[in-house]
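Encoded as structure tokens, the structure appears first; notes follow it.
This is a predicted model, so every value here is computed, not measured. Numbers restart at 1 for each chain; the letters A, B, ... are given by sequence-line order, proteins then strands.
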Amino acid sequence: MGLHKRVYEIVRRIPAGRVSTYGQIAALAGMPRAARAVGSILHANPEPVVIPCHRVVNREGFLSGAFAFGGPEAQKAMLASEGVEVSEEYKVDLDRFLWKNNSEGESEGW
DNA sequence: AAGTTGACGACGA
DNA sequence: CTCGTCGCCAACT
């Protein structure tokens, strides 16, 4: 046990206007293949107020769907409010909004 | 208490 | 390149 605690800390570190993926979180937690566990843990959402689950998307950048805050539209609005552009298909441009743990510039290719 | 599913991901064919 | 299977940890039944 303890993975959920790490996930808790990591997700908590995601800055506003950025998103992260389950795989990335799992990798940062030390279990690169345990993306499922991360999803499970986030689904449990021990502290919904402290854990911005809305900033966590799948590997393709699509929103989880089963959002626990009130609905996908709420998540989309929240992300948009933070500066994250969410597509009508509830997809986020990971190339632009994927959170990078390393402060390696923002790779402003755009 | 044990088995199965699940907000996913990576590797293999 | 796409499709399929295995793996992973935790939670639910």
Side-chain angles (χ1 to χ4, degrees):
Chain A
M1 301 207 24
L3 175 62
H4 93 276
K5 187 186 282 188
R6 258 172 250 172
V7 172
Y8 177 93
E9 293 294 312
I10 294 165
V11 176
R12 204 169 169 191
R13 276 173 156 177
I14 303 174
R18 285 281 134 69
V19 297
S20 187
T21 66
Y22 298 97
Q24 181 106 35
I25 295 165
L28 292 173
M31 299 172 193
R33 314 288 200 259
R36 262 186 180 179
V38 178
S40 224
I41 292 162
L42 288 179
H43 187 177
N45 220 0
E47 311 283 336
V49 183
V50 189
I51 304 179
C53 307
H54 57 277
R55 293 183 197 150
V56 185
V57 296
N58 65 22
R59 222 274 178 194
E60 294 180 84
F62 281 102
L63 307 194
S64 309
F67 194 51
F69 281 87
E73 52 182 271
Q75 182 177 18
K76 183 182 172 187
M78 217 186 304
L79 289 172
S81 184
E82 294 180 358
V84 179
E85 294 178 50
V86 183
S87 184
E88 302 302 318
E89 304 294 305
Y90 301 110
K91 187 179 176 181
V92 180
D93 287 272
L94 295 179
D95 186 58
R96 297 166 61 191
F97 301 106
L98 178 61
W99 173 52
K100 288 165 186 176
N101 214 15
N102 198 354
S103 313
E104 251 184 78
E106 302 296 291
S107 57
E108 306 302 313
W110 206 243

What does the list of N/O pairs under 3.5 Å between the protein and nucleotides 3-7 of chain C look like, with a distance for each?
residue, atom, partner, partner atom, Å
C:dG7, O6, A:Arg36, NH1, 2.9
C:dG7, O6, A:Arg36, NH2, 3.0

Rounded distance (Å) that lies between atom P of B:dA7 and atom CZ of A:Arg55: 23 Å
Spacing of A:Asn45 atom CG relative to B:dA7 atom P, expressed in whole Å: 14 Å
For A:Arg12, all residues meeting side chain to side chain contact (heavy atoms under 4.5 Å, CB included), sequence neighbours excluded: A:Tyr8, A:Glu9, A:Val50
Rounded interatomic separation in angstrom, taking CZ from A:Arg6 and C1' from C:dA10: 14 Å
A:Gln75 CD to A:Tyr90 OH distance, which is reported to the nearest 0.5 Å: 9.5 Å
Interatomic distance at P, C:dC6 relative to B:dT4, whole Å: 15 Å
Runs of at least three consecutive pairs that involve DNA chain B, where pairs are Watson-Crick or G-U with distances under 3.5 Å: B:2-6 with C:9-13, B:8-13 with C:2-7
Residue-level proximity of residues 22-31 of chain A to DNA chain B when a heavy atom falls under 4.0 Å: A:Tyr22, A:Gly23
Distance-only donor-acceptor pairs under 3.5 Å for side chains of residues 19-31 of chain A, two or more places apart:
residue, atom, partner, partner atom, Å
A:Thr21, OG1, A:Gln24, N, 3.1
A:Tyr22, OH, A:Ser64, OG, 2.3

Spacing between A:Leu42 atom CG and C:dC12 atom C1', to the nearest angstrom: 17 Å
Which residues share a side chain to side chain donor-acceptor pair (under 3.5 Å) with A:Glu73, sequence neighbours left out: none
Partner set under salt bridge (charged side-chain N to carboxylate O under 4.0 Å, His left out) for A:Glu89, not counting sequence neighbours: none
By side chain to side chain donor-acceptor pair (under 3.5 Å) - contacts of A:Glu60 (at least two apart): none
Nearest-angstrom distance from the residue atom NE2 of A:His43 to C1' of C:dT13: 14 Å
Euclidean distance, atom OH of residue A:Tyr8 to atom C1' of C:dA11 [Å, nearest integer]: 19 Å
Working for side chain to side chain contact (heavy atoms under 4.5 Å, CB included), residues A:Ile10 and A:Val38: CA-CA 11 Å; A:Ile10 294 165; A:Val38 178; over 6 Å; no
Rounded interatomic separation in angstrom, taking CD1 from A:Ile41 and C1' from C:dC12: 15 Å
Spatial distance of atom CD1 (A:Ile41) from atom SG (A:Cys53) [nearest 0.5 Å]: 11.0 Å
Under the side chain to side chain contact (heavy atoms under 4.5 Å, CB included) test, residues paired with A:Ala16 that sit two or more places apart: A:Arg55, A:Glu82
Proximity to the side chain of A:Arg59 - top-ranked nucleotide from B:dA10, B:dA7, C:dA10: B:dA10
Qualifying salt bridge (Lys or Arg N to Asp or Glu O under 4.0 Å) pairs with a residue from residues 39-52 of chain A, counting only residues at least two apart or across chains: none
Side chain to side chain contact (heavy atoms under 4.5 Å, CB included) against A:Lys5, all qualifying residues, sequence neighbours excluded: none
Toward the 5' end of DNA chain B, by each residue's nearest nucleotide, A:Val57 or A:Ala37: A:Ala37
Minimum-distance nucleotide (side-chain atoms of A:Thr21 versus B:dG6, B:dG9, B:dA7): B:dG9
